[in-house]
Peer 1: 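Attaching a single structure in structure tokens format; questions to follow.
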Amino acid sequence: IASAEEVTAAIEQQDKKIQNALTELNAVSHAGGYKEWISKNKVFLSELKSNNPMSYQNFMERFTSVKSNLQTRGVI
């Protein structure tokens, strides 16, 4: 029997929205693009948080890493 973490990981791998959101965020090249990304993904993130809290938590860990990278590069 798969653990909750294993099921969550499998769902995340299959969920192209999560992958696409992170890919788009990583491609942001200016502060306006970052704000646009936030606006575009606000509803999706809210739904993810409500419907799959473990995936949301994992997403936020990766989001924080990408955001930190953007800050380091001076993008935001």
Peer 1: Test your reading of the model: is there a side-chain donor-acceptor pair from Ser68 to the backbone of Thr64, 3.5 Å cut-off?
Peer 2: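 Pair absent, no side-chain N/O of Ser68 close to backbone of Thr64.
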
Peer 1: With side chain to side chain contact (heavy atoms under 4.5 Å, CB included) as the test, would you mind laying out the steps for Ile18 and Phe44 before giving the verdict?
Peer 2: CA-CA 9 Å; Ile18 292 173; Phe44 165 66; 3.7 Å; yes

Peer 1: As an exercise, state the distance from CD of Glu47 to NZ of Lys42, rounded to the nearest 0.5 Å.
Peer 2: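 Here the interatomic distance stands at 13.5 Å.
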
Peer 1: Measure across Leu25 and Leu70 and return the closest heavy-atom pair with its distance rounded to 0.1 Å.
Peer 2: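 Between these two residues, the closest heavy atoms are O-CD1, 3.7 Å.
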
Peer 1: Can you tell if the side chain of Lys40 reaches within under 4.5 Å of the side chain of Glu24, non-hydrogen atoms only?
Peer 2: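 Side-chain contact under 4.5 Å: yes.
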
Peer 1: So, for Ala21 and Asn41, which heavy atoms are closest and what is the spacing to 0.1 Å?
Peer 2: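 Distance-wise, the nearest heavy atoms are CB-OD1, 3.8 Å.
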
Peer 1: Are Asn69 and Asn26 close enough that some pair of their side-chain heavy atoms sits under 4.5 Å apart?
Peer 2: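 Answer yes - side chains close enough.
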
Peer 1: What distance do Lys67 atom NZ and Trp37 atom CH2 have between them, rounded to the nearest 0.5 Å?
Peer 2: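 Taking NZ in Lys67 and CH2 in Trp37, the distance rounds to 10.0 Å.
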
Peer 1: So how far is it from Ser65 OG to Arg62 CZ, rounded to the nearest 0.5 Å?
Peer 2: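 It is 10.0 Å, given to the nearest 0.5 Å.
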
Peer 1: For Glu36, does the CD atom sit with more than 12 other heavy atoms under 6.0 Å from it, leaving out its own atoms?
Peer 2: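 No, because the 6.0 Å sphere around CD of Glu36 holds 12 heavy atoms or fewer from other groups.
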
Peer 1: What closest approach, in Å, do Leu48 and Ser55 show between heavy atoms, and which atom pair accounts for it?
Peer 2: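 Of all heavy-atom pairs spanning Leu48 and Ser55, the closest is CD1-CB, 3.8 Å.
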
Peer 1: Quick one: are Phe59 and Leu45 in side-chain contact, heavy atoms under 4.5 Å?
Peer 2: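 When only atoms from C-beta onward are counted, Leu45 and Phe59 do touch, with a gap below 4.5 Å.
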
Peer 1: Show the nearest heavy-atom pair for residues Phe63 and Leu22, with the distance to one decimal.
Peer 2: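 Heavy atoms of Phe63 and Leu22 come nearest at N-CD2, 4.1 Å.
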
Peer 1: What distance do Ile76 atom CD1 and Ser29 atom OG have between them, rounded to the nearest 0.5 Å?
Peer 2: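 Reported to 0.5 Å precision, the distance equals 12.0 Å.
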
